[in-house]
2 protein chains.
Amino acid sequence: MSEGVEWALHTCVNLAWVGRPVGSARLAAFYGLPPAYLNKRLQNLVRAGILTSVPGPKGGFTLARDPASISLLDVVTAIEGPDPAFRCTGILGDSPWGDKTADHPSSCVIAVAMRRAELAWRRELAGQTIADVCATVERRAPGEPERTRRWFG
Amino acid sequence: MSEGVEWALHTCVNLAWVGRPVGSARLAAFYGLPPAYLNKRLQNLVRAGILTSVPGPKGGFTLARDPASISLLDVVTAIEGPDPAFRCTGILGDSPWGDKTADHPSSCVIAVAMRRAELAWRRELAGQTIADVCATVERRAPGEPERTRRWFG
DNA sequence: GGTAGCGTACTCGGATAGAAGTTGTCCGAGTGCGACAGG
DNA sequence: CCTGTCGCACTCGGACAACTTCTATCCGAGTACGCTACC
């Protein structure tokens, strides 16, 4: 899985705490990440409707909607793309008595088993939101949001 | 995810049906796959203790143990490696007040959430064995094992 | 005719190229602020 | 002193390389069979 997923998730949490536009350069400086590349990843989140971007001075990135409505799956999908990790190429259709017209991703027993596992993965990710992460961190370290907000301000 | 995972899974099912050594060339011919590359992947399964290899004529690959004791997770892990898809690099330690000595993969809320999801994925995969897949296919197409055995023989 | 030795053909196994995706970098288009000149 | 205009600095956004991983291929080491020659 892309390393950008980790960056995007942590950045979303920071943005949830700050609450106003922050430039990619400053967001990257917080973790010592390459600014341009983080920018490239945040663009993925903008296209997915997770962030909104504001150009010009005082511009930057902000969460496009409430943190409680942004699941971890949303972020992961925005970065990694919508394709499942296991992709059935339908090699059963290439077997001696294979049917190339059949819908193998749906009929192949192996493909179904793999998709079921991936669905369980997605369900877990969809059940956790950015707001949940923020709440857990805040419960563990109550001063974290304020401290972060100050650093970015 | 590597495409070789799909090849390895289907090949394991075929090997379970045939029950005796089959060379990688013939296994690859069944699906029209590149023989040498399939061989390379089956070597991964040998190292993982899933298959046994027999050199020389009449040689080839065989399941090393009962199909009921080979889970889909075993095969996936053998091909993809033991590392989890999401890898916590501990960027929290690089934040302004980050602690580089902390065990971030265990303490970071995001890392924990991602690992939980991946655990659900692994659990689903571990719950399905090659024998289960064989049984499901056989229930749907009763003649499949015999037909496959004949093609390889 | 039976048997020991040898050659051959076939297998796996690891070392070697090519393609694709990820990671990293750069520069251009657009925007808001601040300075400056004029009224 | 107030206001309209201009320049500038800062932002995102997409286009352009370097590197790692995946895909594909080739050739060498080892083994079992089959043939041959000998007893």
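Per chain, numbering begins at 1; letters A, B, ... match sequence-line order. The structure presented is a predicted model; accordingly, all values stated were derived computationally and were not measured.
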Within residues 9-26 of chain A, the residues having a heavy atom closer than 4.0 Å to DNA chain C are none

Full working for side-chain contact (heavy atoms from CB on, under 4.5 Å) between B:Glu144 and B:Trp17: CA-CA 9 Å; B:Glu144 193 70 8; B:Trp17 280 333; 3.7 Å; yes

What side-chain donor-acceptor pairs closer than 3.5 Å can you find for residues 20-36 of chain B, not counting sequence neighbours?
residue	atom	partner	partner atom	Å
B:Arg26	NH2	B:Trp151	O	3.1
B:Tyr31	OH	B:Asn14	ND2	3.2

Within the side chain of B:Arg140, is there an N or O that forms a donor-acceptor pair under 3.5 Å with the backbone of A:Val109? no

Heavy atom of residues 69-94 of chain B under 4.0 Å from DNA chain D: which residues? none

By salt bridge (charged side-chain N to carboxylate O under 4.0 Å, His left out) - contacts of B:Asp94 (at least two apart): B:Lys100

Can you sort out which residues in residues 37-64 of chain A have a heavy atom within less than 4.0 Å of DNA chain C? Ascending by number, please. A:Tyr37, A:Lys40, A:Arg41, A:Pro55, A:Gly56, A:Pro57

To the nearest Å, give me how far apart CD (B:Glu6) and C1' (D:dT23) are. 15 Å

Taking only Lys NZ, Arg NE, NH1 and NH2, and the carboxylate oxygens of Asp or Glu, determine whether B:Glu118 and B:Arg122 approach each other closer than 4.0 Å. no

To the nearest angstrom, how far is B:Leu33 atom CG from D:dA24 atom P? 9 Å

Given B:Ile50, B:Leu63, B:Thr62, the one that forms side-chain contact (heavy atoms from CB on, under 4.5 Å) with B:Leu15: B:Leu63

Under-4.0 Å side-chain N/O to phosphate OP1/OP2 contact, A:Ser2 with C:dG21: no

Give me, pair by pair, the N or O atoms of the protein and of nucleotides 18-20 of chain C that are less than 3.5 Å apart, along with how far apart they are.
none

